[in-house]
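First the proteins, then the strands, lettered A, B, ... as listed; each starts at 1.
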There are 2 protein chains.
Amino acid sequence: MVVTPQKALSLFVERVSLRSALSPEEREAVMALPGRVAHVGPCHDIILPGQRTDHSCMIVSGLGGRFDMMADGRRQIVAFYIPGDMCDLNSVPAPTSGWGLEALSRATLLFIPHAALRRLVLDPSLAMAFWRDTVTDGSVLAKWAANLGRKQAIPRLAHLFCEMGMRMEQVGLGTRNDYTLPLTQSQMADAVGLTAVHLNRTLKSLREEGVTFNRGHVRIASWSSLAALAEFDPAYLLLPGRPAR
Amino acid sequence: MVVTPQKALSLFVERVSLRSALSPEEREAVMALPGRVAHVGPCHDIILPGQRTDHSCMIVSGLGGRFDMMADGRRQIVAFYIPGDMCDLNSVPAPTSGWGLEALSRATLLFIPHAALRRLVLDPSLAMAFWRDTVTDGSVLAKWAANLGRKQAIPRLAHLFCEMGMRMEQVGLGTRNDYTLPLTQSQMADAVGLTAVHLNRTLKSLREEGVTFNRGHVRIASWSSLAALAEFDPAYLLLPGRPAR
DNA sequence: CGTGTTGTTGAGTATTATCAATAGGGGTGG
DNA sequence: CCACCCCTATTGATAATACTCAACAACACG
């Protein structure tokens with residue numbers, strides 16, 4: 001599959017447009033960003049913790065993850081990034097982040113120099129759009145924290161399936177009850193804060209609720225019952241025009 | 001205690017200056033923001049979840065908290081806001097947040113209209129500074145999520161004490177091993193994702209490590225041993241000039 | 001001097017982690 | 001094409017951690 005920077009950038013424009021109205025000139029300015037495309041394999045480190053960067057990275061295809069590592073090697077994935085997400089837009093205002101970022105599956109990435117992004121945010125409307133993107137990121141993180149802190153294994157995993165379903169559907173990758181999530185059970189366990197063994201058992205329980213996860217493919221028989229089980233309310237995704245139901 | 005908006009705003013300027021260099025003109029522009037001071041009691045709701053606002057809120061004194069609530073009434077606090085923090089700067093780009101915000105103790109608040117803040121971010125350097133503030137918020141949230149997902153009760157609570165100590169010291173409220181954290185044990189339990197009973201037992205264990213929490217006052221006998229226990233590395237607070245040691 | 005909130009402790013239970021063993025699947029090299 | 005190996009998934013048994021229920025003490029407040 002050949003991916004041009006142009007095609008990749010249009011994904012980003014779409015993503016930003018989900019939450020911020022861009023004028024035709026602004027869209028053009030974004031499309032004119034310089035970028036370099038790269039194909040990487042699973043477990044490829046995009047940024048190591050503590051490393052300083054001079055470019056941001058957008059996911060074109062595949063799945064990215066932001067994670068933290070404990071001294072004993074246990075890992076917590078705190079965010080998933082799907083196609084269209086600029087996974088370290090953060091690094092524009094804060095080039096030395098404390099976070100690691102890796103490709104969780106085979107992935108196509110687009111690297112964009114900070115310098116170009118900094119020029120872009122001289123436009124206040126784009127600055128606001130990027131800022132809003134970071135706010136969205138934070139809102140998702142907060143929800144993730146709340147789930148890790150106060151939900152048990154089953155609703156926690158159910159919530160992850162709901163969230164990823166909504167996000168995939170938004171960007172046109174499948175539907176909310178049928179989409180591809182290219183993860184191993186171990187990686188998923190790192191995301192929901194469980195051991196791989198317990199995650200496997202939790203998946204088994206969810207199977208009885210009509211949710212299957214098989215070789216990276218999620219299928220949800222009844223969205224409404226899963227959403228109820230997960231106490232999923234998409235408001236935190238900050239999508240406009242979809243008031244909290 | 002009488003607090004003028006001027007005095008309150010200077011707190012905010014200091015806080016922003018921790019991570020972003022501001023020119024004298026920019027400082028002045030921030031100091032010229034209009035603001036209204038309010039004194040509130042504990043458990044006072046600053047914003048209800050899903051509510052739309054047209055102003056942001058800065059903590060002048062006391063403690064604020066951002067939280068999420070489960071259907072059964074269990075609560076997770078996902079962020080603490082201390083004096084100088086603009087706790088919903090987020091609401092400038094996203095006026096309808098899905099989050100509740102409340103005063104966790106008696107507190108003094110400063111309300112600033114969004115309109116004024118939006119005018120301020122026409123200055124690209126201030127826009128970057130505010131954006132950076134949101135990135136910091138996200139970084140702290142991510143760490144919070146990692147702790148909730150992968151640490152047990154004792155190191156989790158220890159990490160909270162370390163984080164709050166660092167943050168308090170930064171803004172000149174006590175030292176990292178001796179500071180005021182005006183919380184009940186219940187509220188603290190909601191922050192670390194434990195029940196109040198188990199939090200109480202965890203505090204007891206930490207007492208044997210030389211950490212006391214008494215009527216809202218934290219005292220840490222040996223910072224280095226607590227930091228080791230908590231695996232605390234302040235890099236994620238994005239403070240400049242203090243490389244990850 | 002009641003009364004309600006907060007903090008403390010005990011006993012029993014539920015959830016999740018750990019350890020261990022096995023099965024399946026995809027790729028590689030002979 | 002087959003044998004082999006590594007990674008992933010699955011299941012069982014047991015242990016550790018955290019939760020629930022319950023009672024009571026300490027304290028602030030009116």
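Of the candidates D:dT11, C:dG7, D:dC19, D:dT11 carries the atom nearest the A:Asn200 side chain, counting heavy atoms from C-beta on. Residue B:His198 places its side chain closer to D:dA18 than to any other of D:dA18, C:dT16, D:dA9. Out of C:dT16, D:dT10, D:dT20, the shortest distance to the side chain of A:Arg207 is found at D:dT10.
Salt-bridge check for B:Glu231 with B:Arg150: failed, with every basic side-chain N at 4.0 Å or more from each acidic carboxylate O.
Side-chain contact, B:Asp178 with B:His217: a donor N or O sits under 3.5 Å from an acceptor N or O.
Looking at residues two or more places apart in sequence or on another chain, you find no ring-ring contact (aromatic ring centres under 6.0 Å, His included) involving B:His44. With sequence neighbours excluded, no residue forms a side-chain hydrogen bond (donor to acceptor under 3.5 Å, both in side chains) with A:Asp54.
Using a 4.0 Å heavy-atom cutoff across all strands shown, A:Ala153 reaches sugar-phosphate atoms only and no base atom. A:Thr195 comes within contact range of at least one nucleobase, with a heavy-atom separation under 4.0 Å. Using a 4.0 Å heavy-atom distance criterion, B:Gly216 is classed as making no nucleic acid contact.
When the side-chain nitrogen and oxygen atoms of B:Gln185 are compared with OP1 and OP2 of C:dT5, none of them lie within a distance under 4.0 Å. The shortest distance between the side-chain N/O atoms of B:Lys204 and the OP1/OP2 oxygens of C:dT9 is below 4.0 Å.
Straight-line distance from the CG atom of A:Leu206 to the P atom of D:dT10: 13 Å, rounded to whole Å. When the C1' atom of C:dT15 is taken as reference, atom CZ of A:Arg150 falls 15 Å away, rounded to whole Å. Look at CD on B:Gln187: it is 11 Å from C1' on C:dT6, rounded to the nearest Å. The CG atom of B:Leu194 sits 16 Å away from the C1' atom of C:dG7 (whole-angstrom rounding). Rounded to whole angstrom, the span from the CG atom of B:Leu199 across to the C1' atom of C:dT6 amounts to 12 Å. In this structure, the NZ atom of A:Lys151 is 17 Å from the P atom of C:dT15, given to the nearest Å. Rounded to whole Å, atom C1' of C:dT6 lies 14 Å from atom CG of B:Asp190. Atom CG in B:Leu104 sits about 12 Å away from atom P in C:dT6, given to the nearest Å.
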Next on the checklist: Generate the contact string for nucleotides 21-30 of chain D. Rules: B means base contact, S means sugar-phosphate contact only, - means no protein heavy atom under 4.0 Å.
Outcome noted: B---------

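With hydrogens and angles disregarded, no donor-acceptor distance shorter than 3.5 Å links the side chain of B:Asp68 to the backbone of B:Gln76. A donor-acceptor contact shorter than 3.5 Å links the side chain of B:Thr202 to the backbone of B:His198. In this structure a side-chain-to-backbone donor-acceptor pair under 3.5 Å is present from B:Ser139 to B:Tyr236.
Along DNA chain D, the nucleotide nearest A:Asn214 and the nucleotide nearest A:Gly149 are compared for position; the residue whose nucleotide lies closer to the 5' end is A:Asn214.
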